[in-house]
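Positions are given from 1 along the sequence. Numbering of ligands and ligand atoms starts at 1, following listing order.
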Amino acid sequence: MRFKILAGFFDRIEKVSSRLKMTDLLADLFKEADSDEIARVVYMSQGQLAPAYKQVEIGFGEKFVEEAIAKASGYDKGEVQKLFKKKGDLGLVAEELLGKRKQSSLFSAELTMEKVFRNLMKIASSEGKGSQPLKIKLLAELLNSASPLEARYLIRIPLGSLRLGVGDSTMMDAFAKNLLAEGKKEKGLVKEVRAKLKEKKKEKRADEFERKLRLRVREMIEAKYNVHSDLGSLAEKLKKHGLDGLKRISIQPGVPIRPTLAERLPSAKEIVEKLGKCAVESKYDGFRLAVHKDGSKVSIFSRRQENVTEMFPEIVEAARKQISVEDAIFEGEALAFNEETQEYYPFQVTIQRKRKYGIGKMAKEFPLTLFAFDLLYASGKNLMGLPFKERRERLGKVIGEGKTIVLTDAIVTDSAERMDQYFNESVEKGLEGIIAKDLNAKYIAGARKFSWIKLKRSYKGELSDTVDTVIIGFFKGKGKRTQFGLGGLLTAVYDEKSRSFKSLAKIGTGMSEEMLVELHKMLSKIKHSGKPKNVDSVLEPDVWVNPHYVIEVNADEITKSPVHTAGKRGEKPGFALRFPRLVKIRQDKGPEEATTVKEIVSMFKKQRHVKTGE
Ligand code: AMP
């Protein structure tokens, strides 16, 4: 594929704001790609070169990009910088300067996507001393053959600022659109959808049939994505084999699985009413890790599917020594635990293990214990479909002797009193609370379906659980805070229906001075000129940012709000948090994993329920 085609689509995608139009454009783009190149088209549309878990980072500083632009356009660096100050986007600078370039290139051949991919991959993989001139040369080489529009996107990819706003969900919507025609020919599928429509007495409407069929295909795609988090390889299989390609995707050690999520209920009584006899485990406050063992090769993934193997050498070693089967995928919560005093360290201690440097020293000082709670795969078999009680039993058998990997503490009960007592014991030990688990549930990857229910510590006058919100903008601050550049945050929750972020709270408390500085630094890198397309907010912050960072927030209660858009329907008001306070930055969650509007509505209802004692 010529890069011109990709750049043309990127330009059009950037200009539309409706998600449906964006999906249509992406679907058309994927039609243009052949099966050998579609994976790369998918990665590049998200500003990447490989699936996120492979952690291929192009990371190229602005200074070097400026040099490459100067080199290819014939303008000197001073002029490039001047224009950058004015435009605030090096992609636009490259576009303008290459449009009036002073030198015509000797090599200007038509750019292919393949060539762009190859050079960017080389940029990503060259490291160390002397690599900068090579990187500049590789980028300038691409710019030499680029049209102004191509230059705009060539620059944004290595800078990590492509941000077309195409999330994983929209990608899958586009795949489903392209498979619709094939789906209509699949007898089994058509029958299934018709039967569902009949149940709802809607079978007569053709457009309803089409919509439902597309949703069903989308669901099938997502189910596979949940166990194999690589959209590029998924797209490739679908392109090669159509819907049949889905059968060729299965769980595989080394490729992350999207985690199952916990629902919440306000009391042990309600949990027992919902689940009956269930397993109850302590809720540990550390990092959720998925450990993949494939012979002696061990990979560890975070909750967001980042590869964090290097950070936890003691767990890698323990997986090799303690796990008795050749291959396995299991999950647990890792935290710093003091063997001698039998004390759990607070999260502030554990978080220090999330680092790139000084790993060995910290691993000695604060070794982690992995409290394992689920087994998804073992000895070549996918166990996700087994009931939880069986998976747990097998997990116990697979973990051999040792201190680093141990089973979570658990009981089985159908009594609310016993559950309350266990909850109190857990809290006394310094843990966060409990998680109750449905003994008969399958492992539901990537979703929240009442197979797990959490109950956390609650303090008087506070919500019984914290809320995870996404930062969508910040206020510059008044008085003393002007010196930090940040006085408060505008935050939102995720609306699954519209795939957008809806405002819920302005937060100004719970932040130390260091944190204000840190937040300002982090957020300045993801500034957005104007309101991002996937944000819905009436309030205007001083600076908009791309929805990226998730923060955990505590509050007194959820109230109705005329100014926030979360849960707002027509004239009906939305919801807000009363007295919100920042608890911590949740690096383990991506924006689409934040609390949803639906959860806020349900928390609001439960809160009333509890208050009135109904
Ligand atoms: P939350 O992040 O508050 O929604 O709570 C769910 C998280 O609790 C999971 O993602 C795990 O990281 C963590 N967790 C701690 N202990 C357990 C446990 N025993 N079983 C499952 N998850 C646990």
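- Close approach of ligand 1 to K456 is summarised as follows: ligand atoms under 4.0 Å from at least one heavy atom of the residue are 3 (O).
- At least one heavy atom of W452 sits less than 4.0 Å from an atom of ligand 1.
- Environment of NZ in K442: sparse, with no more than 12 heavy atoms of neighbouring residues, nucleotides or ligands closer than 6.0 Å.
- When each of Y344, Y284, Y345 is tested with F337 by the rule ring-ring contact (aromatic ring centres under 6.0 Å, His included), just one qualifies, namely Y344.
- For the pair K506 and F475, the cation-pi test (distance below 6.0 Å, angle within 45°) is passed.
- Residue contact annotation: E432 has no non-hydrogen atom under 4.0 Å from ligand 1.
- Two residues are said to be in side-chain contact when any heavy atoms from C-beta on lie closer than 4.5 Å; I558 and V601 fail this criterion.
- Taking any N or O of K454, backbone or side chain, at least one lies under 3.5 Å from an N or O belonging to ligand 1.
- Annotation: H564 is not in aromatic contact with F575 [ring centroid separation under 6.0 Å not met].
- Close approach of ligand 1 to R303 is summarised as follows: ligand atoms under 4.0 Å from at least one heavy atom of the residue are 10 (O).
- There is no side-chain donor-acceptor pair under 3.5 Å between E314 and T404.
- Counting only heavy atoms of the protein, atom 20 (N) of ligand 1 lies nearest to K437 NZ, 2.8 Å.
- Closest to atom 11 (C) of ligand 1, if we only count protein heavy atoms, is E333 OE1, 3.0 Å.
- Every atom of ligand 1 is numbered from 1 in the order shown, and the set under 4.0 Å from a heavy atom of T408 is 19 (N).
- Contacts between S282 and ligand 1 below 4.0 angstrom, taking non-hydrogen atoms only, involve the backbone exclusively.
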